[in-house]
Amino acid sequence: MSDAAAVDTRVDLGGIALRNPVLAASGTFGYGSEFEPFLDLRRLGGFVAKSLTLEPRAGNPPPRIAETPSGLLNAISLENVGVEAFIHQKLPAIPDGVTVIASVFETEIDRYAEVCKRLTGVARVAGIEINASCPHVKSGGIEFGQDPKLLAQLVRGARRATGLPLVIKLSPNVTDIAAMARVCEGEGANAVSLVNALQALEVDIETRRPVLSNVLGGLSGPAIRPLALRMVWQAARAVSIPVCGIGGIEGPADAVKFLLCGATAVQVGTSNYLDPGVAGQIADGIAAYAARHGVARLTDLVGALEGVPG
Amino acid sequence: MSDAAAVDTRVDLGGIALRNPVLAASGTFGYGSEFEPFLDLRRLGGFVAKSLTLEPRAGNPPPRIAETPSGLLNAISLENVGVEAFIHQKLPAIPDGVTVIASVFETEIDRYAEVCKRLTGVARVAGIEINASCPHVKSGGIEFGQDPKLLAQLVRGARRATGLPLVIKLSPNVTDIAAMARVCEGEGANAVSLVNALQALEVDIETRRPVLSNVLGGLSGPAIRPLALRMVWQAARAVSIPVCGIGGIEGPADAVKFLLCGATAVQVGTSNYLDPGVAGQIADGIAAYAARHGVARLTDLVGALEGVPG
Amino acid sequence: MADALQPAGAAATRGLPTPVRTEAEVLACQPEGGANRRLVLRVPGWPGFAPGQFAMLSPGALGGAPRSDPLLPRPMAVYRAPGGDGEVEILFKVTGRGTRLLADALPGQRVRFVGPLGLAFADPEPEERAILVAGGTGIASLYALARRLARAGGPGVEVLLGARSGADLMGRDDFAALDVRLHTATEDGSEGSRGLVTALLEAALQEGAPARVYACGPTAMMRRVAELAAARDRPCVVSLENAMACGFGVCLGCAAPLRGGGFALVCRDGPVLDAAAVDWERMP
Amino acid sequence: MADALQPAGAAATRGLPTPVRTEAEVLACQPEGGANRRLVLRVPGWPGFAPGQFAMLSPGALGGAPRSDPLLPRPMAVYRAPGGDGEVEILFKVTGRGTRLLADALPGQRVRFVGPLGLAFADPEPEERAILVAGGTGIASLYALARRLARAGGPGVEVLLGARSGADLMGRDDFAALDVRLHTATEDGSEGSRGLVTALLEAALQEGAPARVYACGPTAMMRRVAELAAARDRPCVVSLENAMACGFGVCLGCAAPLRGGGFALVCRDGPVLDAAAVDWERMP
Ligand SMILES: Cc1cc2nc3c(=O)[nH]c(=O)nc-3n(C[C@H](O)[C@H](O)[C@H](O)COP(=O)(O)OP(=O)(O)OC[C@H]3O[C@@H](n4cnc5c(N)ncnc54)[C@H](O)[C@@H]3O)c2cc1C
Ligand SMILES: Cc1cc2nc3c(=O)[nH]c(=O)nc-3n(C[C@H](O)[C@H](O)[C@H](O)COP(=O)(O)OP(=O)(O)OC[C@H]3O[C@@H](n4cnc5c(N)ncnc54)[C@H](O)[C@@H]3O)c2cc1C
Ligand SMILES: Cc1cc2nc3c(=O)[nH]c(=O)nc-3n(C[C@H](O)[C@H](O)[C@H](O)COP(=O)(O)O)c2cc1C
Ligand SMILES: Cc1cc2nc3c(=O)[nH]c(=O)nc-3n(C[C@H](O)[C@H](O)[C@H](O)COP(=O)(O)O)c2cc1C
Ligand code: FES
Ligand code: FES
């Protein structure tokens with residue numbers, strides 16, 4: 001079987017039916033339409049929109065980005081148009097036939113829940129991804145995703161607020177990623193996605209200051225891929241809900257690695273900046289790999305990693 | 001002041017007096033003499049020898065290493081000549097005037113303690129670094145450095161076993177690195193060093209297997225530098241004992257970044273493989289930087305990062 | 001914030017070509033005085049551009065094998081696109097790793113190219129003189145505008161170029177070949193008047209006739225230009241050179257602070273912005 | 001384990017030059033048939049080498065600016081060092097990212113060089129014929145030995161080279177110019193006999209006279225060579241091509257499993273190892 005077109009690329013991400021396993025990651029794909037000059041969005045499984053808050057938010061002052069070895073450090077903060085503008089201005093601009101997952105981040109659980117409520121029942125919103133990598137102000141800035149109890153409360157709150165497929169995006173800044181995935185499954189999440197950017201720091205030795213105005217930022221890009229692969233493999237072994245793999249995916253081979261490690265779908269992030277057409281090429285490339293290896297259904301690749309303790 | 005030779009480069013790492021802040025990291029510098037063709041070891045502050053166990057140990061079967069974006073993934077495991085061979089064969093081969101820190105890793109606390117005892121009183125051993133990134137077999141493979149209670153017991157055991165300056169090398173695979181540093185300080189450690197390699201995974205999509213025979217490995221090299229800088233900055237703010245910064249240092253500028261983030265000294269690891277002379281160049285380069293910026297003592301650079309919350 | 005209204009009148013937003021994402025072929029990469037280079041590319045499907053627009057070039061993957069370091073593409077103004085065959089010229093200065101690697105580009109090699117991006121310079125009002133002020137790499141951002149205005153005729157085009165020394169003045173001969181009034185200033189006095197280009201601007205602004213100022217260069221220079229223009233209340237637009245990751249409005253990395261709060265995205269709402277709208281205090 | 005005794009008699013350990021760590025200058029990088037290249041370097045302070053030794057070359061930093069991807073240096077046999085002026089030749093095959101980048105090397109560029117490293121081939125006993133068996137990139141590792149043995153005279157040197165097709169046979173003309181008996185085998189029969197080089201070895205081993213076998217190539221080939229030599233109990237040494245990070249015995253990454261447990265470090269205890277000491281079952 002060497003015809004990529006004949007490969008069944010469909011996957012189900014916790015109730016979100018995807019044409020293929022390749023999504024664009026939140027915060028790296030804008031609200032979708034920015035990519036139309038470069039890419040037919042229908043070639044993707046779909047995309048996760050920029051994370052939304054209840055109110056529109058401005059971000060951090062510049063500098064917001066810095067380059068690191070094979071990585072990108074960013075501190076954009078909560079900048080977004082707000083949930084209402086998303087629903088009424090951004091969503092309608094997205095071409096039909098494109099699967100859209102909304103992403104939510106907030107500083108308090110009830111606000112998370114409120115944004116989820118507003119998104120529920122909106123046509124075109126196929127599911128909600130909860131960005132748990134936000135500092136919980138009351139707990140002195142620890143991320144929701146770093147504390148099992150906080151995370152459980154967050155998932156519970158979101159679960160109560162919406163019947164939509166609920167994907168919890170885990171923070172990688174933890175000791176035990178498997179435990180966090182289990183918490184989400186226990187609270188009724190339909191899937192988990194990981195990893196978000198890793199907390200990191202870059203310094204300018206001439207100014208003696210952090211490069212980013214926000215001091216700390218999130219590290220993304222190829223540099224973190226081996227860390228993300230490890231966490232995805234650990235999470236996928238720990239839960240029975242689907243896992244969405246994210247981190248440093250540059251091409252089809254990288255996406256296949258995540259599938260083999262147990263990811264049902266993947267998200268492409270930073271690479272969209274470097275090459276706005278790359279996500280489509282990755283979708284095609286995975287099918288080509290499957291065809292080359294006589295794999296009829298991409299779901300047959302999920303968790304097919306060999307030579308590992310059962 | 002533009003004369004590098006006039007800069008006072010001496011630092012004190014928890015009772016270990018160093019000619020300059022540049023050490024070579026454990027496991028990347030062998031037992032020292034391997035580098036003599038390439039480098040006068042006296043140009044360094046010193047080096048940390050390959051971690052030692054009570055008995056000699058063979059390592060993992062190949063493949064043991066893999067290349068990742070700006071990184072190196074390795075799973076050498078516990079391979080070393082054992083503490084006795086180190087004392088009687090390796091140490092004597094190290095030229096005089098070179099500061100040697102011994103490194104210890106084991107699978108149980110009493111074995112850690114025993115190795116520390118054997119090293120205590122041995123001429124040439126200026127201090128002991130405890131590698132806390134080892135899986136604790138009894139606790140199902142969690143690293144000593146990942147659990148505050150285990151870590152406390154480990155440091156207590158080592159502290160009882162030796163009066164030598166005790167440096168605890170922290171595992172980066174944790175949620176709260178500052179808390180781990182505080183545990184070490186509380187148990188009487190003289191310094192902490194971080195980071196060890198980050199747990200990671202690389203996959204071969206043709207064989208569908210992990211690239212390393214050991215499945216998981218440790219990620220090191222430039223890719224992890226921004227993560228290491230962040231953790232060093234957080235640890236240095238949390239404790240008053242000296243911090244030794246490690247992770248992805250390629251050149252003098254990188255070393256200076258760690259000093260500014262609060263590291264009293266640094267360790268150069270993976271870069272020694274790529275360029276066996278690099279550690280000496282880094283030592284010289286830091287002094288040159290200080291001279292260029294009119295810094296009389298390198299200790300004046302430690303923690304001198306500006307533009308960060310007090 | 002991301003959706004700040006794009007400052008009125010600063011930039012032309014209509015009829016801009018749809019950008020392409022492609023592998024451009026290197027036709028030539030020649031020394032151009034000082035640390036400057038002239039890169040000539042063939043861009044498949046090149047849709048044309050409007051003065052002020054830029055492209056993202058990825059130096060990382062140049063050569064035999066893809067690499068992820070350096071990771072980010074570099075923003076470069078479209079200097080000129082002679083002929084309709086997709087030939088595109090970039091003038092750049094070697095300032096760091098990315099541009100140093102770009103300087104190694106060999107004919108036949110391919111480099112990822114995304115562009116043209118951003119908004120374009122709006123023309124002056126019919127009665128306005130155009131005063132173009134550029135320093136350092138900013139010179140490359142103003143050549144296409146100078147060329148168009150020179151050909152359009154009108155009350156006249158004044159071009160003021162500044163650099164550290166004569167050798168650093170990129171594209172000087174190209175400007176000289178245009179029907180513009182060209183003045184240069186160098187800090188070492190090796191060419192034109194000694195000193196900063198902003199001194200030339202002060203002189204140029206003496207003339208009473210209505211004028212519109214276009215500026216691109218180091219932040220400090222653009223800020224000074226903005227002040228001088230404001231003092232004589234001449235409309236002034238600047239082309240900013242913030243660091244960028246994507247170039248088309250999705251990473252939110254290129255934010256420039258605006259007076260009265262919020263940010264403009266230099267890549268999407270600019271790079272051409274109304275100088276009066278920029279909060280120069282909070283510029284990095 | 002790391003300190004396993006280095007297999008007796010396999011390699012020469014005495015009088016090896018002290019390696020240098022330096023920036024080598026690229027003098028030339030020429031096509032050499034198929035995917036092969038001939039790289040000529042000038043290595044400052046070159047101390048000479050013994051046949052079997054190798055060097056670590058860092059493709060990552062080639063070109064205008066240092067980069068950390070690809071990170072690791074690549075091990076390459078010292079093919080030849082004509083003249084005493086530090087000129088060093090490397091023959092390599094483009095197999096992946098690193099060698100693809102190395103193939104781009106331009107005269108005048110610099111590449112980090114550490115070497116010569118590893119142990120050298122021990123000479124045969126006076127009465128022994130030498131049979132050199134090489135496949136693919138392994139050919140490069142045996143040329144210097146063939147050259148020395150040919151000049152030394154003795155009972156004779158047989159060189160058996162194998163590759164996929166004739167174009168892939170690196171350095172064939174250099175071998176042909178030596179006073180050795182040269183036989184080639186290609187899988188597609190485009191040159192020499194069709195089939196595997198190990199078939200040539202079987203024939204060569206028919207002769208009764210004492211012989212010592214030297215082999216370098218793909219693991220499967222070396223393993224087969226080891227079996228054939230053992231069957232006729234001829235001493236056999238192999239030069240292994242494990243992946244390496246450092247090349248001088250500190251990363252412990254290049255471990256080769258030994259019969260009876262433990263590992264040899266290919267870079268330090270080899271690359272030349274006694275074929276009978278290697279645990280071929282556990283080789284990756
Ligand atoms: C819209 C626009 C148009 C430009 N046009 C030109 C041009 O025509 N000719 C020219 O020589 N230069 C131009 N620049 C500046 C050019 O992009 C930078 O000089 C270049 O990115 C520096 O990269 P580097 O790797 O050599 O330097 P490095 O300092 O190594 O760059 C490291 C990182 O910082 C970013 N960066 C550093 N300085 C700048 C800067 N001044 N602007 C943007 N990003 C920066 C790089 O993109 C990279 O992410 C333009 C910038 C912008 C925003
Ligand atoms: C002692 C020794 C001498 C050698 N001499 C030569 C020679 O003279 N000519 C020649 O063409 N090749 C030689 N090789 C093999 C050569 O080192 C590899 O082909 C090369 O490293 C592949 O690098 P790459 O980036 O092109 O391939 P990639 O697959 O991209 O390399 C990725 C990683 O795998 C490692 N790797 C992959 N394959 C090998 C391999 N076969 N051996 C060692 N490391 C590998 C690389 O070092 C790198 O870390 C030698 C190897 C050794 C150990
Ligand atoms: C500039 C930038 C902005 C991001 N914004 C968001 C966001 O708003 N919400 C979110 O869940 N993740 C956000 N991310 C994280 C990415 O979605 C992704 O999890 C991370 O970058 C790792 O994937 P990558 O290595 O492919 O980029 C952002 C990443 C970057 C680089
Ligand atoms: C091959 C290899 C072996 C290592 N062995 C040890 C070891 O035995 N003990 C230890 O404490 N750290 C060991 N390390 C970790 C390094 O000392 C260092 O903490 C880590 O590599 C990060 O620094 P770097 O990025 O500069 O390499 C090893 C690292 C590598 C790459
Ligand atoms: S550069 Fe990405 S938004 Fe402007
Ligand atoms: S390559 Fe590092 S020990 Fe052999």
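Numbered from 1 within each chain, the chains take letters A, B, ... in sequence-line order. Bear in mind that the values here come from a model prediction, so they are computed numbers and not experimental data. All values below were derived from every heavy atom in this structure, side-chain atoms included, with hydrogens, water molecules and symmetry-related copies excluded.
- Counting only heavy atoms from C-beta outward, the side chains of A:Val295 and A:Val7 never approach each other to under 4.5 Å.
- Atoms CG and CD1, on A:Leu154 and A:Ile168 in that order, are 6.0 Å from each other to the nearest 0.5 Å.
- Using a 4.5 Å heavy-atom threshold, the side chains of A:Val211 and A:Leu73 count as separate.
- For the residue pair B:Ala235 and B:Ile177, the shortest heavy atom distance occurs at N-CG2, 4.5 Å.
- Using a 4.5 Å cut-off between heavy atoms, A:Ile205 contacts chain B through both its backbone and its side chain.
- Of the atoms belonging to A:Leu301, it is side-chain heavy atoms, and not backbone ones, that fall under 4.5 Å from chain B.
- Each of A:Val232, A:Leu216, A:Leu259 has some count of heavy-atom pairs under 4.5 Å with chain B, and the biggest count is that of A:Leu216.
- Residues B:Val302 and B:Leu298 form no side-chain contact, since every pair of their non-hydrogen atoms from C-beta on lies 4.5 Å or further apart.
- Within the model, atoms CG of A:Leu170 and SG of A:Cys184 stand 5.0 Å from one another, a figure rounded to the nearest 0.5 Å.
- Going from atom CG of B:Leu194 over to atom CD1 of B:Ile246 covers 6.5 Å, rounded to the nearest 0.5 Å.
- With values rounded to the nearest 0.5 angstrom, B:Ile224 atom CD1 is found 11.5 Å from A:Leu198 atom CG.
- Each of B:Pro210, B:Gly71, B:Gly221 has some count of heavy-atom pairs under 4.5 Å with chain A, and the biggest count is that of B:Pro210.
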How about the chain B/chain A donor-acceptor pairs under 3.5 Å, what are they, with distances?
from     : atom 1 : to       : atom 2 : distance (Å)
B:Ser70  : OG     : A:Ser70  : OG     : 2.5
B:Thr175 : N      : A:Thr175 : OG1    : 2.8
B:Thr175 : OG1    : A:Thr175 : N      : 2.8
B:Thr175 : OG1    : A:Thr175 : OG1    : 3.2
B:Gln199 : O      : A:Arg230 : NE     : 2.8
B:Gln199 : O      : A:Arg230 : NH2    : 3.3
B:Gln199 : OE1    : A:Gln234 : NE2    : 3.4
B:Leu201 : N      : A:Pro226 : O      : 2.9
B:Glu202 : OE1    : A:Lys257 : NZ     : 3.2
B:Glu202 : OE2    : A:Lys257 : NZ     : 3.2
B:Ile205 : O      : A:Tyr289 : OH     : 2.6
B:Glu206 : OE1    : A:His293 : NE2    : 2.9
B:Arg208 : O      : A:Glu306 : N      : 2.8
B:Pro226 : O      : A:Leu201 : N      : 2.9
B:Arg230 : NE     : A:Gln199 : O      : 2.8
B:Arg230 : NH2    : A:Gln199 : O      : 3.2
B:Gln234 : NE2    : A:Gln199 : OE1    : 3.3
B:Lys257 : NZ     : A:Glu202 : OE1    : 3.2
B:Lys257 : NZ     : A:Glu202 : OE2    : 3.2
B:Tyr289 : OH     : A:Ile205 : O      : 2.6
B:His293 : NE2    : A:Glu206 : OE1    : 2.9
B:Glu306 : N      : A:Arg208 : O      : 2.8

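- The parts of A:Val174 that come within reach of chain B are both its backbone and its side chain, each placing non-hydrogen atoms under 4.5 angstrom from that chain.
- For the set B:Pro69, B:Ala223, B:Cys261, the count of heavy-atom pairs under 4.5 angstrom toward chain A peaks at B:Pro69.
- Between chain A and the residues B:Ala200, B:Pro309, B:Ala253, the most heavy-atom pairs under 4.5 angstrom are made by B:Ala200.
- Counting only heavy atoms from C-beta outward, the side chains of B:Leu227 and B:Val195 never approach each other to under 4.5 Å.
- Between chain B and the options A:Pro172, A:Pro222, A:Ala66, the largest number of non-hydrogen pairs under 4.5 Å is found for A:Pro222.
- You'll find the side chain of A:Ile282 reaches within 4.5 Å of the side chain of A:Pro252, heavy atoms only.
- Heavy-atom distances place the side chain of A:Leu219, and not its backbone, under 4.5 Å from chain B.
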